[in-house]
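Because only heavy atoms are used, hydrogens play no part in the values below, and waters and symmetry mates are left out as well, while side chains stay in. Counting from 1, the numbers follow the sequence of the chain as shown.
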Amino acid sequence: VAKSTSFERKRFLVQFENIPAMCTSVIWAKMHISFYVSAHAGWLTQSQAPSIVRPLKVYRVNSGWEESQVTSIKRTSSLNWNEPYLGSIGQVSTDANPNVLSTVTWFIGQTSSYMQFDVTGAASYWKMGGPNNGLLVMAANENVDGTDLRFYSRRHNVAGTTPFMTVLCSY
């Protein structure tokens, strides 16, 4: 997530299973994603790619996408996003809801760990029948060159690092 000198900006898409039918309403929901590195290209100096604070924002995605096919311009092999990266610098397109669900700040020197985001708004929307197209994580200062954050996906084979969502429901 974010941008490092000589590289394009990056955003993170994540999708969770539907909320079980036995849950009648969502009281709160938290997304937990684990970052494993804050990085810049090895050939860049600290002044070319400085360590900077990264405020991370989460949005609910409006458009469906396929994990094995999604790219910065494609949501499936045959369908494009309305705009590359689901929106221009610092903005989201109609492919994502413009309301920020949660903002969490990564600070310089923060070690690899889970970051927790309040995603109650999205989980409630999904529970009320809205399509579960996942969440988008982006840096508020994504066009500022510096360290970027790398997050574990469900495909990483490292125990205890998979993204997950906890939901408190009423029954």
Val14 and Met31: side-chain contact (heavy atoms from CB on, under 4.5 Å), yes or no, with the steps?
-> CA-CA 10 Å; Val14 63; Met31 173 180 68; 3.5 Å; yes
Determine, stepwise, if the pair Arg75 / Gln69 fulfils side-chain contact (heavy atoms from CB on, under 4.5 Å).
-> CA-CA 7 Å; Arg75 54 192 186 103; Gln69 301 167 12; over 6 Å; no
Between Thr105 and Leu56, does a side-chain contact (heavy atoms from CB on, under 4.5 Å) hold up when you go through it step by step?
-> CA-CA 6 Å; Thr105 301; Leu56 303 176; over 6 Å; no
Using the side-chain contact (heavy atoms from CB on, under 4.5 Å) rule, take Val92 and Leu86 through it: C-alpha gap first, then chi angles, then the decisive distance, then the call.
-> CA-CA 6 Å; Val92 293; Leu86 286 83; 5.7 Å; no
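With hydrogens and angles left out, the side-chain atoms of Asn62 and Asn97 include no donor and acceptor closer than 3.5 Å. At a cut-off of 3.5 Å, with distance as the only test, no side-chain donor of Tyr125 or Lys127 sits close to an acceptor on the other residue.
Leu101 and Trp28 are assigned to two separate hydrophobic clusters, defined by single-linkage of ILVMFWY side chains at heavy-atom distances under 4.5 Å. Residues Phe12 and Met138 are members of separate hydrophobic clusters, defined by side-chain heavy-atom contacts under 4.5 angstrom among Ile, Leu, Val, Met, Phe, Trp and Tyr. Using a 4.5 Å cut-off between side-chain heavy atoms of Ile, Leu, Val, Met, Phe, Trp and Tyr, with links allowed through other members, Val70 and Val61 fall into the same hydrophobic cluster.
Between Pro55 and Thr103, the shortest heavy-atom distance links the atoms CB-CG2, 4.4 Å. Leu136 approaches Ala96 most closely through the heavy-atom pair CD2-CB, 4.5 Å. Nearest heavy atom pair, residue Asn132 against residue Glu17, reads ND2-O, 3.7 Å. Minimum interatomic distance between Ser63 and Asp95 (heavy atoms only, all atoms of both residues): OG-OD1, 2.7 Å. Trp65 and Gln15 get closest at one heavy-atom pair: CZ2-CB, 3.8 Å. What you find for Ile33 and Pro163 is that their closest heavy atoms are CG2-CB, 3.9 Å.
Remark: Leu135 CG to Tyr59 OH distance equals 12.5 Å, nearest 0.5 Å. In this structure, Leu13 CG and Asn133 CG are separated by 10.5 Å, a value rounded to the nearest 0.5 Å. Atom OG1 of residue Thr166 and atom CD of residue Gln116 lie 6.5 Å apart, to the nearest 0.5 angstrom. Distance check: Asn99 CG to Arg60 CZ gives 8.0 Å after rounding to the nearest 0.5 Å. Atom-to-atom distance recorded for Tyr85:OH and Ser72:OG is 4.0 Å, nearest 0.5 angstrom. How far NZ of Lys57 is from CG of Asn141: 9.5 Å, rounded to the nearest 0.5 Å.
The main-chain N or O of Gln91 is never found under 3.5 Å from a side-chain atom of Ser88 such that the two would form a donor-acceptor pair. Checking side-chain atoms of Trp126 against main-chain N and O of Asn18 turns up no donor-acceptor pair under 3.5 Å. Not a single donor-acceptor pair under 3.5 Å links the side chain of Ser93 to the backbone N or O of Asn82. For Ser102 (side chain) and Phe117 (main-chain N/O), no donor-acceptor pair under 3.5 Å exists by modelled atom type. In this structure a side-chain-to-backbone donor-acceptor pair under 3.5 Å is present from Trp81 to Thr71.
Separation of the Phe164 and Phe16 ring centroids does not fall under the 6.0 Å cut-off.
Between Lys74 and Glu66 no salt bridge is recorded (no basic side-chain N to carboxylate O distance below 4.0 Å). For Arg11 and Glu142, the salt-bridge test passes: some basic side-chain N is under 4.0 Å from an acidic carboxylate O.
Val119 has its side chain within reach of Met165: a pair of non-hydrogen atoms, C-beta onward, lies under 4.5 Å apart.
A cation-pi arrangement is absent between Arg150 and Phe35 under the rule of less than 6.0 angstrom and at most 45 degrees off the ring axis.
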